[in-house]
Structure formats: structure tokens, C-alpha cells
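Please see the structure below; I have some questions.
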Amino acid sequence: MLTSRLLSLLLFSGLSFASLADNGQACAIRMSVESDFPPHLIQQNSQWTGLSVELMQRLAQEVNCQLEFVHSPWLRSLQLSEDGKLDVLTHLSYTEQRKAQFAFIGPHHLESIYLVGDPTKIPATLNLVQLTKDTDLGAIAVLHGAYYGEEFARLSQQPGLSRQLVTISSIQDKLALLRAGRITAILEDISVLHYWQQHQYPDADKYQPLFKVYESKVYFGFSKASLSAEQISALAQAWQRLYQQGKLARVYEKYQITNYGDLTPEPIL
């Protein structure tokens, strides 16, 4: 497997998609996956599906490539991408610092992060600032390496909020701890909560979005270390075509995502 991935990298780097196809060489785009993140990343046995997976498969198909999955934790995936050993990450928030390492194609999702919990156990009039001062929920789960916006990053440094935060390694662990009563609330994308409820995850109906913490468009982040400027430009143009032709809309509709009209292509290359 490692040899196959290394071969794919050698074939892929520095060549255009067109030249690969003309030479009959295999073209592979390596995408990072770690754990279930429904509806975006869904693992079924040894197969991966979900909204982000199908969008990337459609984009790869448009440039005559195959999509490969590389299992890697989020922070390690960032490093592998910067080292040129991984081609694309999903749900990457744009920052000026990341622009040096990544080309941002999309956006592919409007991420809306809420404090989620049982409204019968949490004060109704609550906001982020209150959590730094006079409201202590005991334990709030956040995902390791996740970005929740500048305001949250600043306020989370204050003792009143920082002592409540519990870092969790996976989304499924967050839900399990919430159900077990070991944490009081979680920070989660509203699309994930809706998926849990639509698919009748245990106790999912008990939990509601209490207040919005952060909202931002997120992108597919393509590694500038593994892909040439020519390849990145070809991917951005392909995404634009798929959007204009309505082919991306069909994927969003399959997952009951209705706000795809807000995701006009805005590549940052």
C-alpha cells in the first residue's frame, strides 16, 4: 500500500492532469479521512461515503483522476499536506497563515458551529461571554485541532471558559460522552446534529442547538507541496464547471442540504 501511494505521488507531482491521461498513467488524489463525520464523512465497513466524499469523487472524475483515502488524524493530516505527502483535506477554514501551504477550492460547506446540549439542563439565556464569567456548565467537549473562530479562540483563554473545555479526539466520542452525562454540552456543526436526529441516533432528539458560536465557509484544501500550480488551476476550473452545470447541486440534494446556493465558487489559490 505504501509503495502504491509513493508511486502515485511520483506520477502525480509536477504533471498536468491532461498529460497523465495522454500518457496512460494512473492519476490519484489522496484525501485525508479519520473517523465518521456524518453527513460529510461516513464509514461503512471499509468503504467511505458522505457528502464531502461524493463531492471530491465528482471533482476527481472531472479531471480524470481516482480518489484515494488515507487514514490520518486531523493534525497529522495538516502536517502531511504541508510535507507534500497528502493532496487534499476537507472542511479547511481559510486563514492567511494556511494560504502559504494550501489552495482553497470551494467553498464546499457553510459550517455553523453551535453549543449543543439538553435545553432542560442548560440556562435558556446563554451566550459565549457568559461562559467566561458567571455560568459554569461543568464540561464542554471540543474537537482536537478544530477551529471555532477568533472570538472563541480569544475567550477560551479566559479561566472561566478554559476550565470547562474538554478536548475530544472524535465526533462519535463527543456524542457518547454527552449521552453518558460525562459532559454537559458540545460544540458541533448543526448539519451533524440534524443528521443524528434524522437517522435516529440514540437520544439525539434530546439535544438542541442553544446558541451559535461561529459560522464560516469551509473549503477543500489542496496541498501546494504535492500539486503544481497548473494542477490546482485545473481543479479550480473543474469545480467551477460542476457548480455551473448543476452537478454539485445534485450531490447536496441527496444529503438534504439546501443552502448550497450560498456556496458560489470562491477559490483562493
(Q) For a quick test of reading the model, state the closest non-hydrogen atom pair linking Glu215 to Ser112 and the distance between them. (A) OE2-OG, 2.6 Å
Q: Answer yes or no: is there an ion pair linking Glu150 with Arg154, defined by an N-O contact shorter than 4.0 Å?
A: no
Q.
Rounded at 0.5 Å granularity, tell me how far CG in Leu131 sits from CZ in Phe152.
A. 9.0 Å
(Q) For Leu248, is there any backbone N or O sitting under 3.5 Å from a side-chain donor or acceptor partner on Arg58? (A) no
(Q) If you define the side chain from C-beta out and look only at heavy atoms, does anything of Gln101 sit under 4.5 Å from Lys224? (A) no
Q. If you round to the nearest 0.5 Å, how far is CG of Leu187 from OH of Tyr214?
A. 13.0 Å
Q: Taking the side chain as every heavy atom from C-beta outward, state whether Leu55 and Tyr252 have any atom pair closer than 4.5 Å.
A: yes
Q) Is a side-chain donor-acceptor pair under 3.5 Å present for Ser223 with Asp87? A) no
Q) Is there a side-chain contact between Ile190 and Ile113 (heavy atoms, below 4.5 Å)? A) no
Q. Does a donor on one side chain sit under 3.5 Å from an acceptor on the other, for Ser233 and Gln237?
A. yes
Q) Which atom pair, heavy atoms only, marks the closest approach of Leu227 to Gln231? A) CA-OE1, 3.3 Å
Q.
Has His108 got a side-chain atom pairing as donor or acceptor with His91's backbone, closer than 3.5 angstrom?
A. yes
Q. For the side chain of Gln130 and the backbone of Asn127, is there at least one donor-acceptor N/O pair under 3.5 Å apart?
A. yes
(Q) Working to the nearest 0.5 angstrom, can you tell me the gap between Phe37 CZ and Leu143 CG? (A) 8.0 Å
Q.
Regarding Ser216 and Glu111, do their side chains bring together a donor and an acceptor under 3.5 Å, going by distance alone?
A. no
(Q) For a 4.5 angstrom cut-off between non-hydrogen side-chain atoms, does Glu188 reach Tyr114? (A) no
Q: Over 60° means perpendicular and under 30° means parallel, so classify the ring planes of Phe220 and Trp239, tilted if in between.
A: perpendicular
Q) Quick one: do the Ser191 and His40 side chains pair a donor with an acceptor below 3.5 Å? A) yes
Q. Hey, mind stepping through Tyr207 and Ile186 against side chain to side chain contact (heavy atoms under 4.5 Å, CB included) and telling me if it holds?
A. CA-CA 10 Å; Tyr207 307 114; Ile186 62 176; over 6 Å; no
Q.
Can you tell me how far apart OH (Tyr94) and OH (Tyr219) are? Round to the nearest 0.5 Å.
A. 9.0 Å
(Q) Does Leu175 form a side chain to side chain contact (heavy atoms under 4.5 Å, CB included) with Trp196? I'd like the steps, not just the answer. (A) CA-CA 9 Å; Leu175 180 59; Trp196 289 342; 3.8 Å; yes
Q: Please examine the side chains of Leu78 and Leu92, heavy atoms only from C-beta on, and report whether any two atoms are closer than 4.5 Å.
A: yes
Q) Which heavy-atom pair separates Ile122 from Ala185 by the least distance, and what is that distance? A) CD1-CB, 4.1 Å
Q: Taking the side chain as every heavy atom from C-beta outward, state whether Ile29 and Met56 have any atom pair closer than 4.5 Å.
A: yes
**Q.** Heavy-atom check, side chain of Leu115 versus side chain of Pro209, under 4.5 Å
**A.** no
Q) How long is the span from the CZ atom in Arg30 to the CZ atom in Phe69, to the nearest 0.5 Å? A) 14.0 Å
Q | Spacing of Ile168 atom CD1 and Ile140 atom CD1 [to the nearest 0.5 Å] | A | 12.0 Å
**Q.** Pairs involving residues 131-144, ordered by first then second residue, that meet side-chain hydrogen bond (donor to acceptor under 3.5 Å, both in side chains) (sequence neighbours left out)
**A.** Asp136-Arg163
Q: Give a yes or no on whether the backbone of Gly160 and the side-chain of Gln164 come within a donor-acceptor separation of less than 3.5 Å.
A: yes
(Q) Contact between Ser226 and Lys85 at the side-chain level, heavy atoms closer than 4.5 Å - yes or no? (A) no
Q: Establish, from distance only, whether the side-chain atoms of Glu54 and Tyr255 form a donor-acceptor pair under 3.5 Å.
A: yes
Q: For Arg76, look at atom CZ and say whether over 12 heavy atoms of other residues, nucleotides or ligands are found less than 6.0 Å away.
A: no
Q. Looking only at heavy atoms, what is the nearest atom pair of Leu86 and Met31, with distance?
A. CD1-C, 4.3 Å
Q) After noting the C-alpha distance and the side-chain angles of Val166 and Val142, does the key distance pass the side chain to side chain contact (heavy atoms under 4.5 Å, CB included) rule? A) CA-CA 6 Å; Val166 179; Val142 297; over 6 Å; no
Q: Examine the side chains of Ser77 and Ser72 and answer whether a donor and an acceptor come within less than 3.5 Å of each other.
A: yes
**Q.** Pair His109-Asp189, side-chain donor/acceptor within less than 3.5 Å
**A.** yes
Q. Of the non-hydrogen atoms in Phe104 and Thr95, which two are nearest, and what is the gap between them?
A. CZ-N, 4.3 Å
Could you list the donor-acceptor pairs under 3.5 angstrom formed by side chains in residues 258-269, with sequence neighbours left out?
| from | atom 1 | to | atom 2 | distance (Å) |
| --- | --- | --- | --- | --- |
| Tyr260 | OH | Glu253 | OE2 | 2.6 |
| Glu266 | OE2 | Lys217 | NZ | 3.1 |

**Q.** Asn45 to Gln43 - nearest heavy-atom pair and separation
**A.** O-CG, 3.4 Å
Q.
Hydrophobic cluster membership, with links at side-chain heavy-atom distances under 4.5 Å among I/L/V/M/F/W/Y: are Val53 and Val218 in one?
A. no
